[in-house]
> 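Encoded as structure tokens, here's the structure I'll be asking about.
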Amino acid sequence: MSASSKERKTLDERQQMSDLERLRHSCAHVMATAVCRLWPDAQFAAGPPVENGFYYDIQLDHHISTEDFPRIEEEMARVVAEDAPFEKVVVSRDEALALARAGRLGATGERPAPSAFKLDLLDDIPPGEEISLFRNGDFWDLCAGPHVARTGECRAFKLLSVASAFHKGDKDRPVLQRLYGTCFGSRAELDAHLVLLEEAKRRDHRRLGRELGLFHIDEEVGQGLVLWKPKGALIRRALQDFITGELDRQGYAQVFTPHIGKLGLYRTSGHFPYYQDSQYAPIPERDQLERLADENCSCAELVNGLEQGAYEGYLLRPMNCPHHIKIYASDHHSYRDLPVRLAEFGTVYRWEQSGELGGMTRVRGFTQDDAHIFCTPDQLAAEVQGCLGLAKTVLGVLGMHDYRVRLSLRDPDGDKYVGDPANWAKAEAALREVVETLGVDFTEAVGEAAFYGPKIDFIVRDVIGREWQLGTVQVDYNLPERFDLTYIGADNHAHRPVMIHRAPFGSLERFTGLLIEHFEGKFPTWLAPEQARVLPISEKFMAAAEDAAGRLGAAGVRVSIDRSADKVGAKIRLARLDRVPYMLVIGAREIEQGTVAVRHRDRGDLGAMPLDDLVGTICTEIANRSLGSAGTG
RNA sequence: GCUCAUGUAGCUCAGGGGUAGAGCACAUCCUUGGUAAGGAUGAGGUCGCGGGUUCAAUUCCCGCCAUGAGCUCCA
């Protein structure tokens with residue numbers, strides 16, 4: 001499917017634009033009018049409404065920067081004040097072509113240069129479909145609409161950012177400047193939205209990760225390589241323990257395998273050299289390197305030799321499957337043994353493009369909560385069901401309900417797929433049947449399947465609205481074939497098992513990043529790196545504080561003592577900034593009464609209670625993996 | 001990888017052709033306190049890295065590296 005056909009909406013869909021989308025789309029025209037007045041040689045491509053605003057793609061020699069925003073906004077305000085009507089004019093294709101050739105579309109007057117992008121967009125309009133222009137004052141644009149009545153309605157607007165984008169999302173087409181803005185029905189709504197954007201920044205896992213001491217990414221270590229600091233590691237351990245418990249219950253076997261493998265392994269799997277652009281470069285063997293150096297071989301010769309298998313080397317693994325496959329293949333299997341479920345927190349390395357890296361959500365080295373299930377075709381549906389149930393359980397325990405499920409199918413016209421069409425049909429039917437029983441909404445995405453099989457993905461949004469794939473369940477007919485995997489069936493003949501790749505978290509890095517944003521750092525007690533902090537009123541009560549912390553620690557609670565010379569108010573402030581769920585204040589009063597004064601991160605002052613009561617409360621909360629008040633926001 | 005922007009103390013940021021500043025954090029001391037910031041003093045910087053222009057560059061120019069937004073990509 002080409003980008004343009006994916007993006008192009010039918011006329012019907014366009015007419016169904018919501019009021020807000022209509023306003024924003026109109027504001028995009030207002031912005032284009034202003035840009036056109038300031039830079040008459042600007043060429044416009046497409047300018048649609050998007051989720052939180054609108055953009056217009058512009059080709060212009062002048063590089064628009066944020067410093068230009070005030071003058072563009074001023075000009076926009078003028079266009080709004082003029083309150084020109086948006087007038088729709090239906091034209092014939094020939095008329096539209098003539099106007100575009102005269103440079104009159106996306107313009108405030110005729111120009112020597114044709115409206116090249118508009119000509120291109122005209123080409124995409126199917127024969128027979130109505131072609132319309134919209135005019136506001138002098139500004140004429142090829143546009144199906146709809147629009148608001150007058151420019152005066154676009155009062156509450158703001159330019160947000162400028163970025164680049166390829167024309168029609170195609171990297172072989174020209175790079176355009178994409179100017180983003182937003183528009184609301186009222187100034188108050190706009191202001192509320194801008195406040196929301198600011199709040200979103202405060203939830204950003206990169207910021208919280210630093211403030212809470214969870215992880216660090218160091219230039220000298222390498223881009224996209226996450227260092228889990230002690231507090232982040234505690235969260236990860238809690239997650240791994242949680243998932244391990246679920247795997248034990250569901251009959252998985254845990255394995256451990258190395259992070260590298262010989263190139264031949266990946267030639268067999270098909271990942272080398274075919275996908276080498278997204279892998280770290282191979283590690284050639286030392287004696288081979290020395291021999292080549294002696295022969296004054298060039299780099300290109302080395303690369304060619306590695307690709308063709310003339311010399312051997314190792315690869316940082318881009319996925320765990322081949323190792324698990326080799327474990328499966330190391331034994332003979334009867335149909336009675338199946339399914340074989342091999343699980344590992346497996347670390348993989350992928351050479352993601354530098355512009356795509358960010359925080360923990362897109363990294364170059366990450367650990368999947370991976371497992372591979374080898375089963376008979378008949379077992380496939382039940383196994384997939386188990387996987388989906390696990391993913392759903394995991395998300396449910398964490399209070400993450402704002403996700404969508406995507407059933408990714410093959411494009412029947414595509415040629416990138418491997419395997420028997422009958423198997424595909426069977427697998428797709430099985431996945432659809434299972435996902436329907438899951439009790440969540442799902443969408444089907446044709447053409448999104450992996451080349452080796454269909455899959456089901458769990459997709460969540462981050463704090464700035466970007467969608468990320470987390471958990472995934474993928475059916476694979478390809479690798480069992482390539483590695484010639486077999487099991488002996490009841491008929492005493494060798495049969496090909498089906499493989500399922502699945503990872504309910506996706507990767508611990510991405511999942512933890514999204515979890516930080518989901519909880520705004522306020523992890524439920526079972527995940528909180530520091531579950532309780534003892535705050536002695538003064539140093540005089542340090543012994544009592546030590547005693548209380550000792551008893552909490554003995555009960556398995558992660559507890560610390562604030563030994564600073566600060567007053568209680570300051571200690572509470574710091575503990576709250578660190579998002580510690582339970583604060584225990586200890587002073588003369590508590591010692592006399594044999595209690596501790598408890599304050600909860602979200603619930604405030606809980607009053608005095610015997611320490612044993614509190615230990616019981618906290619331990620129950622941890623054992624139940626209770627969400628408490630976390631995750632409700 | 002592409003376009004644009006950014007890079008000054010651990011963090012958030014101000015400044016600006018004549019080798020640097022604030023707040024917070026940190027250290028020491030005073031204070032020993034009652035539920036979101038007690039006070040004083042001090043330490044801390046090759047102004048991302050490398051070139052160039054200049055008598056002089058952290059400041060201007062170029063290249064690189066990193067970060068951010070968007071695009072493209074994600075087996």
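Naming convention: chains lettered A, B, ... in sequence-line order (proteins, then strands); numbering from 1 in each chain. Small disclaimer: the values here were computed from a predicted structure and weren't measured.
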> Tell me whether the side-chain N/O atoms of A/Gln223 come closer than 4.0 Å to OP1 or OP2 in B/rU67.
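So the side chain of A/Gln223 is within the cut-off, an N or O lying under 4.0 Å from OP1 or OP2 of B/rU67.
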> Between A/Phe117 and A/Phe44, is a ring pair (Phe, Tyr, Trp, His ring centres under 6.0 Å) present by the stated rule, with each step listed?
CA-CA 7 Å; A/Phe117 301 108; A/Phe44 295 87; 9.6 Å; no
> In whole angstrom, give the distance that lies between atom CD of A/Glu448 and atom C1' of B/rC73.
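So the CD-C1' distance, A/Glu448 to B/rC73, works out to 12 Å.
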> When the P atoms of B/rG45 and B/rA22 are considered, how many whole Å apart are they?
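Nearest-Å result for B/rG45 against B/rA22 at atom P: 15 Å.
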> Are A/Ser161 and B/rA69 close enough that a side-chain N or O sits under 4.0 Å from OP1 or OP2?
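A/Ser161 to B/rA69 OP1/OP2: no side-chain N or O under 4.0 Å.
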> Say you pick atom C1' in B/rA40 and the same atom in B/rU46; how far apart are they, in whole Å?
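Rounded to whole Å, the distance is 32 Å.
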> Using the P atoms only, state how far B/rG21 lies from B/rG44, rounded to an integer number of Å.
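It works out to 13 Å between them.
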> Using whole Å, what does the distance between atom C1' of nucleotide B/rU72 and atom CG of A/Asp57 come to?
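Whole-Å distance recorded here is 13 Å.
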> For B/rG1 and B/rU54, measure between their P atoms and round to the nearest Å.
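That atom pair is separated by 34 Å.
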> So does A/Arg404 pair up with A/Asp457, basic N to acidic O under 4.0 Å?
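Answer for the salt bridge query: no.
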> In whole Å, what is the span from the CG atom of A/Asp204 to the P atom of B/rG68?
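Going from CG in A/Asp204 over to P in B/rG68 covers 9 Å.
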> Mind checking who B/rA14 pairs with, Watson-Crick or G-U wobble, both distances under 3.5 Å?
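Across all strands, not a single nucleotide pairs with B/rA14.
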> Under 4.0 angstrom, heavy atoms only, what part of the nucleic acid is A/Gly359 near: base, sugar-phosphate, or nothing?
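Sugar-phosphate: the residue A/Gly359, judged by heavy atoms under 4.0 Å, touches backbone atoms but no base.
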> Over 60° means perpendicular and under 30° means parallel, so classify the ring planes of A/His372 and A/His501, tilted if in between.
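Judged by the thresholds at 30° and 60°, the geometry between A/His501 and A/His372 is perpendicular.
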> Counting only Watson-Crick pairs (N1-N3 plus N6-O4 or O6-N4) and G-U wobbles (N1-O2, O6-N3), all under 3.5 Å, who is the partner of B/rA56?
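Checking every strand shown, B/rA56 finds no partner, since no pair has both distances under 3.5 Å.
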> At under 4.0 Å between heavy atoms, which parts of nucleotides 34-47 of chain B does protein reach? Answer with one letter per nucleotide, 5' to 3': B base, S sugar-phosphate only, - none.
BBBBS---------
> Aromatic contact between A/Tyr582 and A/His600, with the criterion being ring centroids under 6.0 Å apart: yes or no?
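When the ring centroids of A/Tyr582 and A/His600 are compared, they turn out to be within the sub-6.0 Å range.
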> Within this structure, what is the CZ-to-C1' distance between A/Arg202 and B/rC11, rounded to whole angstrom?
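Going from CZ in A/Arg202 over to C1' in B/rC11 covers 16 Å.
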> Suppose we call a contact any N or O donor and acceptor under 3.5 Å apart; does that hold for the side chain of A/Arg362 and the base of B/rC74?
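It does, because a donor-acceptor pair links the side chain of A/Arg362 to the base of B/rC74 below 3.5 Å.
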> Between A/Glu211 and A/Arg207, is the closest basic N to carboxylate O distance under 4.0 Å?
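A salt bridge links A/Arg207 with A/Glu211.
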> Looking at A/Asp370 and A/Arg502, is any side-chain nitrogen of the basic one under 4.0 Å from a carboxylate oxygen of the acidic one?
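No, this pair does not count.
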> Using a 4.0 Å heavy-atom cut-off across all strands, classify A/Phe451 as base, sugar-phosphate, or nothing.
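A/Phe451: backbone/sugar contact only, no base atoms under 4.0 Å.
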> Distance between the P atoms of B/rG34 and B/rG16, in whole angstroms?
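Nearest-Å result for B/rG34 against B/rG16 at atom P: 45 Å.
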> Nearest to the A/Lys540 side chain among B/rC71, B/rU32, B/rU72, which nucleotide is it?
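Per side-chain heavy atoms of A/Lys540, the pick is B/rU32.
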> Between B/rU32, B/rG70, B/rC71, which nucleotide gets closest to the side-chain atoms of A/Glu356?
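Side chain of A/Glu356 sits closest to B/rC71.
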> So what's B/rA36 paired with, Watson-Crick or G-U wobble, going by both distances under 3.5 Å?
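Across all strands, not a single nucleotide pairs with B/rA36.
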> Between A/Phe505 and A/Phe511, is the ring pair (Phe, Tyr, Trp, His ring centres under 6.0 Å) condition met? List the steps.
CA-CA 6 Å; A/Phe505 284 157; A/Phe511 193 81; 4.2 Å; yes
> Over how many whole Å does the gap from A/Tyr477 atom OH to B/rA75 atom C1' extend?
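It is 18 Å, rounded to the nearest whole Å.
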> Taking atom C1' in both B/rG48 and B/rU67, what distance in whole Å separates the two?
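B/rG48 and B/rU67 have their C1' atoms separated by 11 Å.
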> Please determine if a side-chain N or O atom of A/Arg206 lies less than 4.0 Å away from the OP1 or OP2 oxygen of B/rG68.
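Yes.
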> Pick the nucleotide of RNA chain B nearest each of A/Arg210 and A/Ser278; which residue has the one closer to the 5' end?
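The residue closer to the strand's 5' end, by nearest nucleotide, is A/Arg210.
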> Can you tell me the Watson-Crick or wobble partner of B/rU46, both distances under 3.5 angstrom?
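B/rU46 is unpaired by these criteria.
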> By the 4.0 Å heavy-atom rule, please label A/Glu219 as base, sugar-phosphate, or nothing.
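Here A/Glu219 touches the backbone only, sparing every base.
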> Would you measure the distance from the C1' atom in B/rC11 across to the matching atom in B/rA25 and give it in whole Å?
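B/rC11 and B/rA25 have their C1' atoms separated by 7 Å.
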> Quick test of your reading of the model: are A/Glu448 and A/Arg410 salt-bridged, counting only N-O distances below 4.0 Å?
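No, no charged N to carboxylate O under 4.0 Å.
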> Base, sugar-phosphate, or nothing: which does A/Leu176 touch, judged by heavy atoms less than 4.0 Å apart?
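A/Leu176: no heavy atom of the nucleic acid under 4.0 Å.
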> Report which part of the nucleic acid A/Gln279 touches: base, sugar-phosphate, or nothing (heavy-atom distance under 4.0 Å, all strands).
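Base contact.
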> What is the base-pairing partner of B/rG70, counting Watson-Crick and G-U wobble geometry with both distances under 3.5 Å?
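Check on B/rG70: paired to B/rC2, both distances under 3.5 Å.
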> What distance separates A/Ile64 CD1 from A/Gln177 CD, expressed to the nearest 0.5 Å?
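The CD1 atom of A/Ile64 sits 4.5 Å away from the CD atom of A/Gln177.
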> With both distances kept under 3.5 Å, what pairs with B/rC65, Watson-Crick or G-U wobble?
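Answer to the pairing question: B/rG7, which forms a Watson-Crick or G-U pair with B/rC65.
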> Taking CD from A/Gln177 and C1' from B/rC2, how many angstroms apart are they, rounded to a whole number?
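These atoms are roughly 13 Å apart.
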> Rounded to whole Å, how long is the line connecting atom NZ of A/Lys168 with atom P of B/rC2?
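One finds 24 Å between P of B/rC2 and NZ of A/Lys168, rounded.
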> Ring-plane angle category for A/Tyr403 and A/Phe458, please: parallel below 30°, perpendicular beyond 60°, tilted otherwise.
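Ring orientation of A/Tyr403 relative to A/Phe458: tilted.
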> Select one nucleotide: of B/rG1, B/rC71, B/rA75, the one nearest the side-chain heavy atoms of A/Gln353.
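So the side chain of A/Gln353 is nearest to B/rG1.
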> Using atom P of each nucleotide, how far apart are B/rC61 and B/rA57 to the nearest Å?
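Going atom to atom, P in each nucleotide, I get 16 Å.
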> Ignoring backbone atoms, test whether A/Arg207 places a side-chain nitrogen or oxygen under 4.0 Å from the OP1 or OP2 oxygen of B/rC11.
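No, outside the criterion.
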> Is there a Watson-Crick or G-U wobble partner for B/rA27 with both distances under 3.5 Å, and if so, which one is it?
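Partner of B/rA27: B/rU41.
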> What is the distance from CG of A/Leu179 to P of B/rA5, rounded to the nearest Å?
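One finds 14 Å between P of B/rA5 and CG of A/Leu179, rounded.
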